[in-house]
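Read the structure below first, then the notes.
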2 protein chains.
Amino acid sequence: MSPSSPESRRTVSPAESPRSRGNDSEWSGCNSCHLRDQGFCSILQQGRKSNPEVEPRETSIRARQHIYRAKDQARHLAIIREGMTFRYVTATDGRRQILSVGMPGDFVATSFVVRDTAHFSVQALTPVRLCLFDKKALQQFIRSDLAALHCFLDLIVSEKESREAQIVDLGRRTSEERIARFLLHMATRSGWSGEGGFSFHFPIRQQHIADMLGLTQVHVSRVISKFRRSGFIQLGSGLLKITDPYALRQAAGGRNV
Amino acid sequence: MSPSSPESRRTVSPAESPRSRGNDSEWSGCNSCHLRDQGFCSILQQGRKSNPEVEPRETSIRARQHIYRAKDQARHLAIIREGMTFRYVTATDGRRQILSVGMPGDFVATSFVVRDTAHFSVQALTPVRLCLFDKKALQQFIRSDLAALHCFLDLIVSEKESREAQIVDLGRRTSEERIARFLLHMATRSGWSGEGGFSFHFPIRQQHIADMLGLTQVHVSRVISKFRRSGFIQLGSGLLKITDPYALRQAAGGRNV
DNA sequence: CGTTGGCTTGATAATCGTCAATTTTAGTGG
DNA sequence: CCACTAAAATTGACGATTATCAAGCCAACG
């Protein structure tokens with residue numbers, strides 16, 4: 001149904017051999033990080049004094065490399081500092097379903113705060129820089145710190161809401177609506193205000209879109225070609241330009257993106 | 001695409017007028033409840049002495065009545081004591097997507113522990129008895145009690161995992177697989193060990209199955225008729241009987257249910 | 001005993017998938 | 001920086017799955 005694109009079979013998971021390709025020399029700690037005061041990082045920042053053992057170190061991952069493989073033991077918790085990842089599952093017959101896309105500031109997989117293994121895998125979409133935390137130490141911190149727990153709970157609830165929005169997309173929207181909504185959603189996550197045109201880094205292949213939205217790559221191609229011909233968007237060399245936001249929103253089903 | 005079945009438009013939400021039809025006379029408290037030591041109720045049980053203000057009271061809801069309507073202010077938190085509910089969203093054009101089915105021991109909607117409104121609605125599938133908690137009091141309790149927070153977090157994470165499983169169903173499985181898996185899943189939730197045949201209360205209409213799985217009622221009817229003709233199941237008068245678990249699992253796609 | 005909600009069934013149509021060939025783009029090494 | 005190669009995207013022809021429309025049936029219920 002949807003053959004995975006031929007992506008690296010080798011796994012040099014940082015969760016398994018974390019020092020394998022770490023550019024630790026470039027590591028400058030949280031103090032100089034622009035994500036320092038955003039999302040969960042701000043919580044970590046606050047708890048830093050009392051919990052020095054949750055200090056992360058950095059690792060680099062090449063595009064397409066696996067960060068985690070389904071059913072492995074997770075040894076670390078990681079936050080994305082730079083780049084994009086995606087989380088997916090594959091059925092035995094090879095059908096792939098992408099569950100989410102990770103961007104800077106996101107946990108690679110929130111599940112590992114509560115679980116030790118998962119049914120999904122995580123792969124780098126672009127070159128990625130990760131902040132690696134000792135799993136035990138961070139689990140301990142989150143579980144014992146009320147503010148951290150509240151923040152994390154909010155994170156998971158938001159994720160759940162996001163998954164439910166996806167369910168509505170998959171269950172009750174046409175391929176055009178799904179694709180238009182996905183593009184708009186990615187634009188929003190990339191900092192788009194929603195006003196006027198917008199250009200942004202879009203390293204996502206049609207096969208990824210297909211596997212995210214329950215379609216085939218061929219069909220995604222057709223729809224995107226149509227959007228392009230209609231002048232809604234321009235797409236090329238990793239850059240997506242929304243040229244007619246209104247029309248794209250119409251294609252997305254009018255109301256709420 | 002999927003017109004809602006003509007279900008009660010009237011909303012006598014207990015969240016809005018909680019005393020409206022409470023059979024408070026029958027209320028016997030948690031002590032006599034068989035769910036007392038299960039799931040989240042056990043946590044409430046433990047915190048009872050120190051937090052007497054989280055004591056629930058009971059309400060009855062008739063089948064098809066709305067328990068919560070999208071975008072309303074939620075005034076209570078509720079746990080299902082008896083009966084079944086479902087949570088859904090509708091697009092402006094009437095397409096309905098069911099997000100989950102609630103059974104005894106489940107929160108009617110976990111979201112309201114963290115949020116005050118939601119984008120979904122909740123309706124009773126059967127006559128339902130609810131344990132109603134004062135929202136503020138229960139929120140306060142959960143937020144301040146570490147054990148409760150852990151338990152609740154675990155609950156949300158499980159829900160998230162469940163939603164992700166649904167995403168895989170919707171995105172990458174055929175209608176037959178989806179329906180077979182749904183039936184097996186409901187059997188499991190109803191106490192089926194997975195061994196041998198199983199008969200259980202199944203008050204779910206074909207329209208609900210359709211709206212859960214992103215199909216039409218007509219198509220659900222065809223698939224179920226096929227399952228019945230093949231001797232996998234018997235279905236009638238609110239009772240589902242799995243007569244050939246092996247065959248049904250095959251139809252569900254072989255591996256894992 | 002007629003009405004209503006839910007289910008079944010047939011005929012037909014739309015959406016989306018499959019297969020396959022071809023072009024374009026991106027990545028890599030010289 | 002160019003040339004070569006692999007990956008990704010495009011396009012057409014065809015087919016399968018699932019939706020739509022419509023009519024009729026059945027069982028529960030007032």
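The figures here come from the full heavy-atom set of this structure, side chains too, leaving out hydrogens, waters and symmetry mates. Here is the naming used below: chain letters follow the sequence lines, and residue numbers restart at 1 for every chain.
Distance check, rounded to the nearest 0.5 Å: CH2 of A:Trp192 to OG of A:Ser199 gives 11.5 Å. In this structure, CD1 on B:Ile79 lies 9.0 Å from CG on B:Leu35, to the nearest 0.5 angstrom.
Of the side-chain N and O atoms in B:Ser175, one or more sit less than 4.0 angstrom from OP1 or OP2 of D:dT18. Dashed line: the shortest gap from a side-chain N or O of A:Gln206 to OP1 or OP2 of D:dA7 is not under 4.0 Å. Checking the phosphate oxygens (OP1, OP2) of D:dA9, a side-chain nitrogen or oxygen of A:Arg205 falls inside 4.0 Å. Considering only side-chain N and O atoms, A:Arg64 lies under 4.0 angstrom from the phosphate OP1 or OP2 of D:dA8. Residue A:Ser225 has a polar side-chain atom (N or O) positioned under 4.0 Å from OP1 or OP2 of D:dT11. In terms of phosphate contacts, A:Arg228 brings a side-chain nitrogen or oxygen within less than 4.0 Å of OP1 or OP2 of D:dT10. For the OP1/OP2 pair of C:dT8 and a distance below 4.0 Å, the side-chain nitrogens and oxygens of B:Ser221 include at least one atom meeting the criterion. Regarding contacts with the backbone of C:dT15, every side-chain N or O of A:Arg178 stays at 4.0 angstrom or more from both OP1 and OP2.
A side chain to side chain donor-acceptor pair (under 3.5 Å) with B:Glu164 is found for exactly one of A:Gln166, A:Lys160, A:Arg87, A:Gln97, namely A:Arg87.
Comparing A:Gly214 and B:Arg222, the nucleotide of DNA chain C nearest to each residue sits closer to the 5' end for B:Arg222. In terms of position along DNA chain C, the nucleotide closest to B:Ile224 lies nearer the 5' end than the nucleotide closest to the other residue of the pair A:His219 and B:Ile224.
Side chains of A:Gln206 and A:Gln217: a donor on one and an acceptor on the other come within 3.5 Å.
Note on the helix from C:dC1-D:dG30 to C:dG30-D:dC1: terminal axis deviation equals 50°, with five pairs used at each end and the result rounded to 10°.
Nearest to the side-chain atoms of B:Thr174 among the listed nucleotides D:dC21, D:dT18, D:dT11 stands D:dT18.
Contact annotation for B:Val218: base contact, defined as any heavy-atom pair under 4.0 Å involving a base atom.
At a cut-off of 3.5 angstrom, counting only N and O atoms as typed in the model, there is no donor on one side facing an acceptor on the other between the side-chain of B:Arg173 and the base of D:dT17.
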